[in-house]
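As the structure is a computational prediction, the values presented were derived from the model and not from experiment.
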Amino acid sequence: MREGVEIVFGYPGGANLPIYDAMLDYPIRHVLGRHEQSLVHMADGYARVGGKVGVVLATSGPGATNLVTGIANAYMDSVPLVCITGQVPSMLIGYDAFQETDVTGITLPVTKHNYLVTRAADIMPAIREAFYIARSGRPGPVLVDIAKDAQQTAVEDWEYDSSPIRLPGYRPDLRPAPEMIQRAAAMINAARRPLILAGHGVLISGAMTEVRRFAERAQVPVAMTLLGFGAVPCSHPLNLGMMGMHGEAWVNTAIQEGDLLLAFGLRFDDRVTGQLKTYALNARKIHIDIDPSEINKNVKVDAGLVGDLKDILRQIIPLTETVDRSAWLSHISSARSGSIGRDIQNLPDLGRLHAAHVIHDLWRLTRGEATIVTDVGQHQMWAAQYCRIDRPHTWISSGGLGTMGFGLPASIGAKLAAPDRDVWVIAGDGGFQMTQAELATAAQEGIKINVAIINNGCLGMVRQLQQFFYQGRYSAAPLRNPNFAKIAEAHQLAGVRVTRRSEIPDAIRRAEAEPGTVLIDFLVEQEDVVYPMVPAGADLREMIRRPGTAQ
C-alpha cells in the first residue's frame with residue numbers, strides 16, 4: 001500500500017498462505033487468475049497501460065516456476081513488475097522439501113534483480129528495493145522469494161522506511177556529457193536524409209511530446225517498432241509506419257537510403273534490422289537509451305547518449321536548426337504513394353472472410369478509440385498494419401519474447417488499469433487456446449473485455465513460414481479447434497460466430513453493447529499470408545511482397 005499498489009494478481013498455495021491471510025485486513029484488490037503465467041501477463045498489461053508497477057503473488061515450486069515465461073516476457077519488453085513468491089521454511093531450503101524450487105536461480109537471467117528472504121526483518125527492505133529497482137532506470141521485473149517461516153514471524157517496532165534508496169553499483173540516473181549532446185545536435189543539423197526510429201522507450205520515458213516536437217522542428221520522418229506505436233500518432237504526416245520484418249516497404253527502403261538514423265529508445269532487434277552486415281550502411285547513427293549495455297551491442301553507432309530520452313531531447317531540441325528536408329520527404333512520399341499497398345480490405349470478399357477484413361473493420365468501427373491488445377502470430381502483424389494507433393498506451397503486444405497466450409490475460413490487466421476504455425483482444429486460434437481459461441477470470445471478476453479470435457484453423461505464422469521456406473510441407477500446423485463461441489457461453493459469457501464480412505458490424509456493435517465480456521470467433525481464410533515479409537537474417541530490401549503489387 002505504501003508503494004501505491006491497488007491491485008495484485010495472484011494464486012494462493014501452501015507456501016504463501018500467511019500473505020493471503022494478512023491481505024484480508026487491507027483494501028488491496030486481488031485478482032485470482034487460472035494460471036500463474038497468465039497472472040504475470042495480467043500484471044504486464046496493467047503496468048503498460050497504467051504506468052504503475054504490476055504485482056504478482058504465487059506459491060513455491062510449480063507456482064513459482066509457472067511465472068517464468070511471463071517474467072521473461074516482461075524482461076524483454078522492459079515492463080516493471082514485482083513478483084512475490086512463497087518459499088518453503090528456511091530450515092528446509094536445500095533439502096528438496098515438498099514444492100521447493102530454486103526460483104531465484106531459475107529467474108536470475110530474466111529479472112533485473114531477485115531476493116531470497118529468510119528473516120522477517122528483511123521483508124520490508126527487500127520489497128522497497130524491489131519496487132525501486134523495477135520502476136527506475138530501464139524498467140523490468142524483480143522477484144522476491146520469501147520463506148514461509150519469515151512470513152509467519154512477528155516483527156517488533158515495525159516502521160516503514162521512506163528514506164531515499166541507495167544501492168551499491170546501481171546507477172539508474174546516468175546522463176550524457178554536454179559535449180555529446182552538442183555532437184549529436186551537429187550531426188542532426190548536417191543530415192539531409194535523417195530518419196527517427198521510435199521504440200518502446202519513447203513511451204516508457206513519456207517522451208511522446210518531445211519526439212513530436214523534435215520531428216516537427218527538424219522535419220524528420222518517424223518510423224516505429226512494433227512496441228513504438230503511440231510514440232507519434234499514426235495520423236501525423238511525419239509518421240511513416242512500422243519498420244522491419246513485416247513493416248512498410250517504403251520505411252525499410254528509407255532506412256537503407258538515409259544518411260542519419262536517430263534511434264530513440266529501441267535496441268536494434270534483429271526483427272528491425274534484418275542482416276546487420278547490410279543494415280543502413282550509408283547512415284550515421286545516434287542511439288539514445290537509458291540502458292548503457294544497449295549502446296553498440298547490436299549496431300555500432302557514431303554517438304551513444306545514455307540517459308532518459310525525454311531529458312535528452314529537451315536538451316537537443318533548442319540546438320536543432322530548421323533545415324530544408326523537403327526533397328527527402330518528397331522522395332519518401334513518392335515511394336509511399338507509388339506502392340499499391342495492402343488493399344485487401346477494399347477487395348470484394350466474394351463470400352470469403354479475410355483476417356485483414358476483420359481487423360481493418362474492427363479498427364474502423366471502434367473509431368480508433370479502443371485499447372488493442374494482441375496475441376502473437378499473423379494476426380499480430382495484421383493488427384500492426386491495419387490498426388492506426390494515435391494515442392499512447394493503447395497498443396499492447398508481446399514484442400521481444402513473442403509469447404503466444406499473452407493477449408487474453410494482458411487485456412484483463414489493461415482493462416483494470418483503465419476501466420473507462422474499451423479493450424479489444426485480437427488473438428489467433430492457437431495463442432488463445434494457451435490461456436483461454438482466463439475467460440473464467442474475466443467472468444468471476446466482472447471484467448468487460450472484447451475478444452476477437454482470428455480463427456484460420458492453423459498455426460498461421462508457422463504455416464506461412466512452411467509455405468515460403470519448407471516447400472509447403474505443413475508439419476504440425478493445422479489445428480482442430482473447438483467452437484470458441486460455445487466455450488464463452490460455458491463461462492456464461494456472450495459468444496458469437498462470424499463467417500462473412502457483412503456480419504462484422506453487427507458483431508462489433510453487440511460486443512460494445514453487452515455489459516460483460518464478449519467473444520467473437522471470426523472464421524477466416526486459412527491460406528492468407530502477411531505481406532511484406534523480410535526473411536529472417538536477410539537484407540531489409542529483400543522483402544517478399546504480395547504477388548502483383550509493389551508492397
Side-chain angles (χ1 to χ4, degrees), residues 9 31-35 37-39 41-42 45 353 355 357-359 361-363 365-366 370-380 382-383 396-397 403-416 419 421-460 479-526:
F9 304 87
V31 176
L32 177 65
R34 296 305 185 265
H35 192 279
Q37 176 183 330
S38 294
L39 295 175
H41 295 328
M42 291 178 198
L353 184 63
H357 291 158
V358 175
I359 294 170
D361 289 355
L362 190 156
W363 171 77
L365 292 166
T366 56
T371 295
I372 302 295
V373 184
T374 81
D375 211 274
V376 170
Q378 281 184 315
H379 66 278
Q380 178 189 29
W382 279 313
I396 309 298
S397 195
T403 308
M404 291 177 67
F406 173 82
L408 177 60
S411 71
I412 291 173
K415 182 65 176 180
L416 288 169
R421 292 190 202 166
D422 288 339
V423 174
W424 277 88
V425 185
I426 301 177
D429 45 342
F432 173 76
Q433 291 183 82
M434 290 189 172
T435 54
Q436 65 182 357
E438 302 311 328
L439 286 176
T441 303
Q444 179 170 329
E445 297 289 335
I447 297 169
K448 161 63 173 175
I449 54 176
N450 300 310
V451 183
I453 299 179
I454 309 302
N455 183 355
N456 60 4
C458 67
L459 300 173
L479 292 172
R480 183 182 184 275
N481 291 325
N483 186 321
F484 293 118
K486 290 190 178 298
I487 287 178
E489 292 170 2
H491 290 286
Q492 298 181 331
L493 303 172
V496 182
R497 267 195 153 187
V498 171
T499 59
R500 294 178 177 271
R501 191 175 190 183
S502 60
E503 299 169 352
I504 295 176
D506 285 344
I508 300 296
R509 283 191 287 268
R510 177 179 175 184
E512 292 184 326
E514 288 277 351
T517 289
V518 177
L519 182 150
I520 308 176
D521 186 9
F522 293 98
L523 277 68
V524 301
E525 281 294 300
Q526 186 175 82

Checklist line | Under 3.5 Å: donor-acceptor pair, side chain of Thr517, backbone of Asn450 | finding: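 No; zero donor-acceptor contacts below 3.5 Å.
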Checklist line | Main-chain N/O of Asp422 paired to Lys448 side chain as donor or acceptor, under 3.5 Å | finding: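 A pair under 3.5 Å: no.
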Close side-chain approach of [X] and [Y], heavy atoms under 4.5 Å:
X      : Y      : value
Arg497 : Asn483 : yes
Leu479 : Leu459 : yes
Val451 : Leu408 : yes
Ile520 : Trp424 : yes
His41  : Ile412 : no
Ile454 : Gln378 : no
Ile453 : Leu519 : yes
Asp375 : Met404 : yes

Heavy-atom closest contact ([X] atom, [Y] atom, distance):
X      : Y      : value
Ser397 : Gln380 : OG-NE2, 2.7 Å
Val423 : Ala414 : CG2-C, 4.5 Å
Gly407 : Val373 : O-CG1, 3.5 Å
Pro505 : Leu365 : CA-CD1, 3.7 Å

Check: Per the side chain to side chain contact (heavy atoms under 4.5 Å, CB included) rule, which among Leu353, Leu523, Asp521 passes with Val498?
Finding: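 Going through the options one by one, the only one that passes is Leu353.
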Interatomic distance, [X] atom [atom1] to [Y] atom [atom2] [nearest 0.5 angstrom]:
X      : Y      : atom1 : atom2 : answer
Phe432 : His379 : CZ    : NE2   : 11.5 Å
Arg501 : Phe522 : CZ    : CZ    : 11.5 Å
Leu39  : Met42  : CG    : CE    : 5.5 Å

Check: When you look at Val358 and Trp382, which way does the side chain to side chain contact (heavy atoms under 4.5 Å, CB included) test go after all the steps?
Finding: CA-CA 10 Å; Val358 175; Trp382 279 313; over 6 Å; no
Item checked: Candidate pair Asn455 and Val524, rule side chain to side chain contact (heavy atoms under 4.5 Å, CB included), full reasoning -> CA-CA 6 Å; Asn455 183 355; Val524 301; 5.7 Å; no
Note to self: Could you walk me through whether Ile396 and Thr374 satisfy the side chain to side chain contact (heavy atoms under 4.5 Å, CB included) test, starting with their C-alpha distance in whole Å, then the side-chain angles of each, then the deciding distance to 0.1 Å, before giving a yes or no?
What the structure shows: CA-CA 6 Å; Ile396 309 298; Thr374 81; over 6 Å; no
Side-chain atoms of residues 433-443: list all donor-acceptor pairs with protein atoms under 3.5 Å, sequence neighbours left out, distances to 0.1 Å.
from, atom 1, to, atom 2, distance (Å)
Gln433, NE2, Asp429, O, 3.0
Gln433, NE2, Asn481, OD1, 2.8
Thr435, OG1, Gly405, O, 2.8
Glu438, OE1, Arg34, N, 3.0
Glu438, OE1, Thr441, OG1, 2.6
Glu438, OE2, Arg34, N, 3.1
Glu438, OE2, His35, N, 3.2
Glu438, OE2, Ser38, OG, 3.2

Name each donor-acceptor pair under 3.5 Å that joins a side chain in residues 484-492 to protein atoms two or more places apart or in another chain, with its distance.
none

Margin query: Tell me every residue that passes side-chain hydrogen bond (donor to acceptor under 3.5 Å, both in side chains) with Gln526, counting only those two or more places apart in sequence or in another chain.
Written below: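 For Gln526 there are no side-chain hydrogen bond (donor to acceptor under 3.5 Å, both in side chains) partners, ignoring immediate neighbours.
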